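Note sheet for the following structure.
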Amino acid sequence: MTEAVETRHFIQQMIDADIERGQWGQPGDRSVITTRFPPEPNGFLHIGHAKSILLNHGIAKEYGGRFILRFDDTNPVKEEQTFVDSIKHDVEWLGADWDGEVRFASDYFEQMYDWAVELIRKGLAYVDEQPVEDIRAQRGNLKEPGKESPYRDRPVEESLDLFERMKNGEFGNGEKVLRARIDMGSPNMNLRDPLMYRIVNATHHRTGDAWHIYPMYDWAHGLEDSIEGVTNSLCTLEFEDHRPLYDWFIEAINKDRDEKIHHPRQTEFSRLAISYTNMSKRYMKQLVDEGHVSGWDDPRMITIAGFRRRGYTARSLRMLATDVGVTKFNALVDMGRVENMIREDLNERAPRRMGVLDPVKLTITNWGEHGDDDRVEMMPVANHPKDESFGTREIPFGKDLYIEREDFMEDPPKKFFRLGPGREVRLRAGYWVTCTDYTKDADGKVTEIFCTYDPQTRGGNNPPPDAEGKVRKVKGTLHWVHGPSAIRAEVRQFDRLYMAERPGKKTGNHLDDLNPDSLEVLDGALVEPSLASRGPDEPEWEDGIRRFQFERQGYFCLDPDSTSEKPIFNRTVTLKDSWAKQQ
RNA sequence: AGCCCCAUGGUGUAAUGGUAGCACAGCUGGUUUUGAUCCAGUCAGUCCAAGUUCAAAUCUUGGUGGGGCUGCCA
């Protein structure tokens, strides 16, 4: 055994060095470290956001600093209060508590405006009034440099006047913009006199009609970070080319200024990508809008809400975030890893139950040999095979049972360790039974299985040795339910939404890769009666969602659609199945 | 094509000029009243080329491959 060495990712190492050097104040002061998660409230959060949230929150906590939740609400036409609410809920659910009040970029509009005026005064920004097409054409392209706007050198007073009138709502949408005066010949497109403000005459979800101009991302973002004292502005790789602009704006404000504003450090890391999924908000919206899924929280969706409804725990997502690490490499994480994380968590924490998803009737023919056909025996069974603290419960066993249809074969191969004519199996925590007969309907579907039980195997225990000292053995153990006491339930089984590793890669349309069988609803499942109410062995799940392992089947959670008459269970993930793999 | 970024087993990730390690997956075996779990073992890697150096996954140069950038979105 070698010592487990804690390895620190490149961002942690950079922050360590910054602290040592005194980048943010006194050398060695860790508590200044401030991070933020800056979502735009225009949709639901997905698993990729979870990585970012957990990274930012984790760093702030590790250093004893602050983590800020800030809504980047700079585009009134796309943003809504409902998204603010759902995002707050998701961040909270993940366990990423933020420090202080939730912030909004819109709270800083006045300050940003003042700084923009300063830039105009310094000759670093100007009002352009060309049509959008002209501005676009003048930007040039990847090979050719741009051309300067005819308004680039207009007098400062003129820009000042126009900018104020833009603010006052004197112009229509798109009639004028404020641009930074940088370099139309820069090989970095972001530096070709980028827009700072555009005119949007729309009602903002928080500021109402107070503003007619709204700041662009590049101008606004660094200022928001600066105002909040963010030390480390962490974002994804595609913003790498924006960093020079991020720095330029802060420096432009600080130029010729006595009181310098805080200059955060932007660092980029690779976004989370998972096979058989797509993180595109546009794609997800299309799935919802066109009804390919039931909503943003459809358990097949990779939104945080979707994972939650599927039965994933926040802990499993945190484990995943740690597992995938933080790098600049464009990695593709296998969906199997995500599934392993929830298995690992739920294996430890989920109490065990029995439920038969696709039932077939099994009758014990020798149960009532002494005239007591209705006899029901209560069988004790452990709620967790490895953790005694879960305790035990009692489940009823009697003449009329149900087992899983796939656990019986009329003509089973040798390696099939389950039930077949003449074969003996153990019914978990029940008795050993031997199949003596079965019936089929006109379609050839098995309708009922007849067995005898061995009274010497109560609790599923081995029978006593025979005269020669040999103990009879069985290869298989099946789950089952007692018919008269079982609860009828709906079970929703999910498979991956897309069949392609990278949806849409081949044809350009992700819908082409949709899995037509991603949802299977089983209406006639039967589960043991203990599921009717919360058992003493059920953990205090932080989100209140009841989760179980249905033995030999997988992990399931109770869906909010459940009623008192009919519980609905969502299959979170199957158990690992080496038998299925053999097939 | 201009600029920027990236490259270690199948996958993800360490090694910060000095023994290429860990996890997951796979495979083999053991335990097992879940074909689960658990345990043991095992397979498998530095994109290519040149250079610097006693020593290169690590530094340099060139190539190859992948990603990003031409919204009045963020």
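Below, read A as the first sequence line, B as the second, and so on, with proteins coming before strands; counting in each chain starts at 1. Values reported hereafter were calculated over all heavy atoms of this structure, with side chains retained and with hydrogens, waters and symmetry mates removed. Keep in mind that this is a model prediction, so the values were computed, not measured.
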Atom-pair distance ([atom1] on [X]; [atom2] on [N]), nearest Å:
X	N	atom1	atom2	result
A:D218	B:rC72	CG	P	11 Å
A:D134	B:rC72	CG	C1'	13 Å
A:M189	B:rC5	CE	C1'	18 Å
A:K143	B:rC69	NZ	C1'	15 Å
A:E175	B:rC72	CD	P	17 Å
A:R271	B:rC6	CZ	C1'	15 Å
A:E238	B:rG66	CD	P	20 Å

Expressed in whole Å, how much space separates the [atom1] atoms belonging to [N] and [M]?
N	M	atom1	value
B:rC6	B:rU32	C1'	46 Å
B:rU58	B:rC4	C1'	22 Å
B:rG9	B:rA57	C1'	14 Å

Tell me if the side-chain of [X] makes a donor-acceptor pair with the base of [N], cut-off 3.5 Å, by modelled atom types.
X	N	result
A:R136	B:rG71	no
A:Q549	B:rU34	yes
A:R428	B:rU34	no

Can you tell me the Watson-Crick or wobble partner of [N], both distances under 3.5 angstrom?
N	answer
B:rC54	B:rG18
B:rC43	none
B:rC73	none

With distance as the sole criterion, is a donor-acceptor pair present between the side chains of [X] and [Y] under 3.5 Å?
X	Y	answer
A:H221	A:Y246	no
A:E40	A:Y217	no
A:R337	A:N340	no
A:E551	A:Q549	no

Give a yes or no on whether the backbone of A:A273 and the side-chain of A:T277 come within a donor-acceptor separation of less than 3.5 Å. no
When we call it a touch if two heavy atoms are under 4.0 Å apart, what does [X] touch: a base, just sugar-phosphate, or nothing?
X	result
A:M354	nothing
A:G336	nothing
A:K147	nothing

